[in-house]
Amino acid sequence: MNQYTSGLNERQREAVMALDGPLLVLAGAGSGKTKMLTARMAAISAARGTSDILAITFTNKAAKEMRERVAVFGSQVKIGTFHAICLQMLRVHGSYIGLKPGFVIYDDQDQAQLLGDIVKKLNLAVEDPKLAVKAFAGMINRAKCQAQGPDAQLEDDADYVSRYGRAVYTLYEQGLMERNAIDFGGIICQTVFLLAHHLDVRAYYQRKFRYIHVDEYQDTNKAQYLFLMYLAAKRFGGHENCCVVGDEDQSIYAWRGADIRNILDFEKDFPHAKVIKLEQNYRSTAMILGAASDVIAHNRERKAKRLFTDQVGGEPVRIVKCQDERMEARTVLDAIVQKQRAGRSLRECSIFYRTNAQSRQFEDACMARQIPYEVIGALRFYDRKEIRDVLAYWRVLVNPADSVSLKRIINVPARGIGQASVAKCEAQGGMLYEACQNSENAKIRAFVGMVESLRVQEGSLAQLYDKLLDATGMVRKLESEKNDESRGRVENLAEFRSVLVEFESDVPASIQDFLEQSMLHGIVEEGPKHDAVQLMTLHSSKGLEFPFVFMTGMEEGLFPSKRALDDGMIEEERRLCYVGMTRARECLMMTSSRERMLWGRRHFSDVSQFCCEIPSKWREQKSEVEVSQVTQSALIGSIVQHPSFGRGVIKRSEGSGAEQKVSVLFGVSEKKFYYRFIQSYVSI
DNA sequence: AGAAGATAGCTTTTT
DNA sequence: GCTATCTTCT
C-alpha cells in the first residue's frame, strides 16, 4: 500500500485507502486530486486484484492525462469521457434500443440541418426559421440533459416552442433513427435508457465496472447523474463502489445542464458515503490563493471552506487598468517579454479571456511583435468547411441513410446538381440515397456511381482519402480557383492527410474508427509544439496550470458578462473567475480596458466587480493620477510609471490627439508609446 | 449555376 | 467590425 500513498498528504492518503463503498472527495483547486485518483485506482487494482475499474472524466485531455499517469503504476483501467464510455456501450448493446450498427454521430450543425428540414416540412408559421431551429435545438438539448424524451415535454400555447416542441422533438428523434444517427445528448440519454429498461445489460455493466470514479462531478448533468446511479446505486442493484471528485466552486457548466445539486446531494444518494476534503493547495503562491479565495468567498451558494498553502508570500496580484484593448494587449505582452528576458519560456505564459472573439487583439499584438502564440480550442479542425465535406463523404459511405451528409456533398464540388433535382428525389420519400440511385437525372446517377466506386474499403485510410480526393476532384477544383482562401483549403486537406497517417500509425483503422474519433475527441492537431504563448478562453483553462496567468477583459458587462448580470447568474461567473485565478502558479495579472470595440461600437465599462473583490493586501499598490491633470505641455520631462518598465521620463512627443506618441526613457532604453497608453500610469 | 454584393446577426462558455 | 448567409445579377 505504501507504494501508492508515498508523497501524499494525510487527506489524500485517506481517500486512496478508502477502497470500497461510496466516497465523496471535495477537492479544491490544485489540491492534487488527479494524483490522488490515479493512486487510488492503482491501489484498488493491486489490493482487489481487479481490472474492473472505470474512470470518467469531462474532457479528452483529462482522460489522456489520467491514462498516462495510471500507466506508470502498470494498472489496467478504463478511462474516458462520459460520451466515449457511453458510445462504447451503445456500439455493443445499442441493438437493444433500436440502434443499428454503423450509426453515426450528429453534431450541432448536423442537428440544426435536420431540424431545419423538419421545421420546413411542418410549415410552421414562424417569422424566422433559423431562430426557430435554434430554439428547438435548445429545447431538445436541454431535455436530453435531463434525460427526458419527447413525451415528457409539456404543451401549452405560451410560444411556438412549447406549442410545437413535442411534435418537433418526436419528428427529430424519428429523423435520427431513419438516418441511423445519434446526437451528443442522445449518446448519454440513450445509454441511460438502455440501463433503465434492460436489467440484463445493467447487471452486465455493474459487474464489468466494479469500481467507478467520476472526476469533475460538479459539472455532471441529470442524465450523467442517472448513468452513475444505474451503475452504482443500491436501489438499482449497484455495488456502491463509487468515488466522485469535485469542487462546487469550480462548477462552470450550469448553462449546458450541469446541476450543482448532484455534488451537494451526494450524501443523500449514498447515506454511508465517506466525505474527504482536500484543502491544501500545491499550485499557487499565498498571494494568488488569498486573492482567489477572497473572490469566491463572495458566493453564497457554497460550502464554507478555505484552501491553504505552504508557499508563503509571492508576487502580489497585478491589476492594471488600460485605456483600450490595444493598450491592454501591449501591457500583457510587455509583461510577457519581461518574463522572457528573465529566462522564462513563452509556454509558461497564458492569456485568458471570456469570449473567443477577444483572442484577436492578442493574436494581432503577438504577430506584430513576432511572438509565437497558440490559440487553444478556437476553431476545431473538423469544423472547417472542406474537412467537413470530406467527413460527410465518408459518413455517407459508412451509412447511406445519413441524408444530412448526403445533401451536404451531393453538389460539392459543384457538379451541376441543383436544389430542384435533390428536392425531386426527396419527394419520393424513403431513403434519399436509394431515391438518388434510381433517379432519372444522369448527373445524380453519376454522383451515386462515384460514391459507390469509393466503397471498396481496402487500403489504408490515407489511400482511401487519396482516392476520394481524386474521384471528387476537390483539390483540382480548389487549385483552379487560385485565391488565398482556396490555397488555405488545399493546405488543410493536406494537413488532414497527415492527421490520417498519424491516426493509423499504430494500428490499422477503419473509416468508422476515424469518424468516431473525430466527432468525439476532435482531430488532435499535434502542431510542432513550439514554445509559444498560450491563448484560451477561461472555460478551456479549466484543469490546466501556468506559472504566469494574464486574465484580460476584466470589465463589468464582459466578465461578468452582461447576460449573466441580467439573468442573475453572477455566482457562476465568479466561479469562472476563481477557476481562472487558481490556474496561476507564480504571477497573476488582471487587465481591463476602459473602452473597447464591441460589435462595431465603442463601449465604455467599469472594472469588473471581481477585481474589486480582491482586498488590497493581495494586490500591487499603484497610485494613479487622472488624465485631466496632465496637460500636453507639461508632458515632456514628466516622470511616469509603466507596469513593466518601471519609472521613466518623457523625452519627446509627436503627433496629436489620440494618435499622439511619446518617447519615454527607462534607464538607458528609450521606448515609444501612444500618449493614451502612458496616461493610465502617470504618477507623481 | 456561380459570383459579386447586401444584409443581418453576432459575442458566452463545449462533449 | 467581421462573417456567414441571402439576394441579385450575369
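These figures come from a predicted structure and were not determined experimentally. Just so we're on the same page: letters track the sequence lines, and every chain starts at 1.
- Summarising the geometry, the separation between CG on A:N141 and P on B:dT15 is reported as 14 Å, rounded to the nearest angstrom.
- Where A:S561 and A:R415 each meet DNA chain B at their nearest nucleotide, the meeting point lying more 5' is that of A:R415.
- Following rounding to the nearest Å, A:I187 (CD1) and B:dT14 (C1') show an atom-to-atom distance of 13 Å.
- Distances from the side chain of A:A414 to the nucleotides B:dC10, B:dT13, B:dG2 place B:dG2 closest.
- Looking at heavy-atom distances under 4.0 Å, A:D108 makes contact with a base.
- Taking 4.0 angstrom as the limit, A:S541 places none of its side-chain polar atoms (N or O) nearer than this to OP1 or OP2 of B:dT13.
- The interatomic distance linking A:Q361 (CD) with B:dT11 (C1') rounds to 13 Å, in whole Å.
- The separation between A:N356 atom CG and C:dT3 atom P is 14 Å, rounded to whole Å.
- The shortest side-chain heavy-atom distance between A:N411 and A:F447 does not fall under the 4.5 Å cut-off.
- A:H539 has its ring centre less than 6.0 Å from the ring centre of A:Y253.
- Heavy atoms of A:K134 sit under 4.0 angstrom from primed sugar atoms or phosphate atoms, though from no base atom.
- The NE2 atom of A:H539 sits 13 Å away from the C1' atom of B:dT15 (whole-angstrom rounding).
- Heavy atoms of A:A564 sit nowhere under 4.0 angstrom from any nucleic acid atom.
- Within 4.0 Å of A:T355, counting heavy atoms only, lie sugar-phosphate atoms of the nucleic acid but no base atom.
- A cation-pi contact, defined as under 6.0 Å to the ring centre and within 45° of the axis, is absent between A:R408 and A:Y393.
- The NE2-C1' distance, from A:H603 to C:dG1, rounds to 11 Å in whole Å.
- Using a 4.0 Å heavy-atom cutoff across all strands shown, A:L87 reaches no nucleic acid atom at all.
- If you measure from atom CG of A:D183 to atom C1' of B:dT14, you get 14 Å, rounded to the nearest angstrom.
- Put simply, the side chain of A:Y353 does not reach to within 4.5 Å of the side chain of A:R360, judged on heavy atoms.
- Across all strands, A:F559 comes closer than 4.0 Å to no nucleic acid atom at all (heavy-atom distances).
- Looking at heavy atoms from C-beta onward, A:L391 lies in side-chain contact with A:S518 at the 4.5 angstrom threshold.
- With rounding to whole Å, A:E555 atom CD is found 13 Å from B:dT11 atom C1'.
- A:Y373 is not listed as a side-chain neighbour of A:F362, based on a closest heavy-atom distance of 4.5 Å or more.
- Applying the 4.0 Å criterion to OP1 and OP2 of B:dT15, one finds that A:N60 has every side-chain N and O outside that range.
- If you find the closest nucleotide of DNA chain B to A:A357 and to A:N411, the one lying nearer the 5' end belongs to A:N411.
- B:dT15 has no stacking from A:F82 on its base ring, since the centres under 5.5 angstrom apart and planes within 30 degrees of parallel are not both found.
- Remark: ring of A:Y253 not stacked against base of B:dT13; the cut-offs of centroid gap under 5.5 Å and plane tilt under 30° are not jointly satisfied.
- Of the listed nucleotides (C:dT3, B:dG2, B:dT13), C:dT3 has the atom at the smallest distance from the side chain of A:R360.
- Taking the P atoms as reference points, B:dT13 lies 15 Å from C:dA4, given to the whole Å.
- Closest approach to the A:W255 side chain among B:dT14, C:dG1, B:dC10 is made by B:dT14 (side chain taken as heavy atoms from C-beta onward).
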